[in-house]
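Worksheet for the structure shown next.
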There are 2 protein chains.
Amino acid sequence: MQRKKHLHRIDAIDRRILAELQIDGGLSHADLAERVGASAASCWRRVKALEAAGVLQATVRLVDPAAVGRGVNVLCNLRVRSHTREVRASFEAFVRSRPEILDCYSMSGDWDYLLRVVAADVADYERFLMGTLLEHPSVGAASSHFALAQVKHTTAIPIG
Amino acid sequence: MQRKKHLHRIDAIDRRILAELQIDGGLSHADLAERVGASAASCWRRVKALEAAGVLQATVRLVDPAAVGRGVNVLCNLRVRSHTREVRASFEAFVRSRPEILDCYSMSGDWDYLLRVVAADVADYERFLMGTLLEHPSVGAASSHFALAQVKHTTAIPIG
DNA sequence: CATGAAAGCCATGGTAA
DNA sequence: TTACCATGGCTTTCATG
């Protein structure tokens, strides 16, 4: 799973390719070529190079969380029980293994980590918090905050 | 931009389709059919229905933020200057208009919003904070925390 | 050396039974 | 659900600036 083979110089056309594909990943090479102002063949070569360099990553379909019963977002600040290498590695492996934890950042400041958890409802989150998260030996304190609404949520990184 | 036309009953095969497509959105209908244990035609109809219902949303390509100079994540707690409808609407429109703000949640608790901002480095974020965010008339206080690492970041909602 | 144009193969989407 | 066909995208080749 090694990526980032070789730093590929990203020029203006590459950036336009990235900008288009991260909005619509289903574009054909022909359509993409038209939008970025290059030939289909050149476009195809660039896409392959960007993939090989690890700049262009997975193609994914987005699913409406509410439609599959995961409409509640909870942001959870968390401290680990100790800051040894082992405990942190154990916690991070745990985080990666739990599908309801979508995002996890190691933070500077008062808390060690910030998690985003999706749940069906408050009771569902309570079960996860008490039954799973706080049960894990690596976890110290946690402070949960419910999102009232998701004002914005995008996967598109600003390019340019 | 109306979605969610009609609540479509999602059965086990639909869930498997969603689970597969949110991991690999580039799957052909034939491959998808094989993985979920249905025929290609049936699979195709289900995908169309899920799209029409708004359950299956955009196909996007993920881009490595660091490769395009956006490797720093900042989580920013924020209060608006007042809680009137107008001020909140103004703030939320502002948030949606700024491409470096990837996520924004309206929160319960001490702060009104939580933002995730991607920046090139600390100085770049400082410019955004002082020059753009805090300059906006709707914004009151803000408290920024830098992510030391992105331990986990996925777009895949748990299905099932 | 990278690009652009052209062409063939093949897989795919879509339809009909 | 299975079978079929025509469409169109992917990939290579080649000539060019």
Side-chain angles (χ1 to χ4, degrees), chain A residues 1-64 67-68 155-156 159-160, chain B residues 2-64 67-69 155-156 159-160:
Chain A
M1 284 295 172
Q2 77 298 344
R3 278 293 108 79
K4 207 162 296 184
K5 341 186 64 160
H6 201 263
L7 251 294
H8 202 239
R9 176 93 190 117
I10 298 178
D11 66 10
I13 293 184
D14 283 337
R15 279 197 287 272
R16 300 180 66 175
I17 289 175
L18 294 174
E20 292 290 340
L21 287 182
Q22 70 176 345
I23 299 299
D24 184 356
L27 278 177
S28 74
H29 287 149
D31 290 345
L32 178 60
E34 189 182 5
R35 296 196 189 190
V36 306
S39 75
S42 167
C43 224
W44 178 81
R45 275 188 295 262
R46 285 170 178 273
V47 168
K48 296 296 258 186
L50 289 167
E51 286 169 346
V55 179
L56 253 182
Q57 302 176 329
T59 302
V60 301
R61 279 258 5 208
L62 303 180
V63 170
D64 177 17
V68 293
T155 56
I159 311 275
Chain B
Q2 77 297 338
R3 279 294 106 82
K4 208 163 292 186
K5 340 188 64 161
H6 200 265
L7 252 294
H8 200 241
R9 177 90 191 123
I10 298 177
D11 65 12
I13 293 183
D14 284 337
R15 278 195 289 271
R16 300 180 66 174
I17 289 175
L18 295 175
E20 292 290 341
L21 288 182
Q22 71 176 346
I23 299 299
D24 184 355
L27 278 177
S28 73
H29 286 148
D31 290 345
L32 178 60
E34 187 183 5
R35 296 196 189 191
V36 306
S39 75
S42 164
C43 218
W44 178 79
R45 271 190 297 267
R46 286 170 178 272
V47 167
K48 296 297 259 186
L50 289 167
E51 286 171 345
V55 179
L56 253 183
Q57 301 177 331
T59 301
V60 302
R61 235 137 153 198
L62 304 180
V63 170
D64 177 18
V68 293
T155 56
I159 310 276

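The shown structure was predicted, so the numbers you read here are calculated from the model rather than taken from an experiment. Every chain is numbered from 1 and lettered A, B, ... according to where its sequence line falls, protein lines coming before strand lines.
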Can you confirm whether A:Val60 sits close enough to B:Gln22 that some side-chain heavy atom of one is under 4.5 Å from a side-chain heavy atom of the other?
no

Between B:Arg16 and B:Arg35, is there a donor-acceptor pair closer than 3.5 Å when you use the side chain of the first and the backbone of the second?
yes

Is a donor on one side and an acceptor on the other found under 3.5 Å between the side chain of A:Arg61 and the backbone of B:Ile23?
no

Quick one, A:Asp24 and A:Asp31 - any side-chain contact, counting heavy atoms below 4.5 Å?
no

Measure all distances between protein nitrogen or oxygen atoms and nitrogen or oxygen atoms of nucleotides 9-11 of chain D, and list the pairs falling under 3.5 Å.
residue: D:dC10; atom: OP2; partner: A:His29; partner atom: N; Å: 3.2
residue: D:dT11; atom: OP2; partner: A:Trp44; partner atom: NE1; Å: 2.8

Roughly how bent is the helix from C:dC1-D:dG17 to C:dA17-D:dT1 end to end, in steps of 10 degrees, with each end axis from five pairs?
30°

Heavy atoms under 4.0 Å, any strand shown: does B:Arg45 hit a base, just sugar-phosphate, or nothing?
base

Do the non-hydrogen side-chain atoms of B:Leu32 and B:Val47 ever get within less than 4.5 Å of each other?
yes

Note: chain A reaches DNA chain C at heavy-atom distances under 4.0 Å over the stretch, first to last nt, 5' to 3', of C:dT3 to C:dA5

How long is the gap from OG on A:Ser39 to CZ on A:Arg45, to the nearest 0.5 Å?
6.5 Å

Atom CG in B:Asp64, atom CG in A:Leu18: separation rounded to 0.5 Å?
10.0 Å

Please report the interatomic distance NE2(B:His29) to CG(B:Leu21), rounded to the nearest 0.5 Å.
7.5 Å

Answer yes or no: is there a side-chain heavy-atom contact under 4.5 Å between B:Arg46 and B:Leu56?
no

Which atom of A:Cys43 lies closest to which atom of A:Ile17, heavy atoms considered:
SG-CD1, 4.0 Å

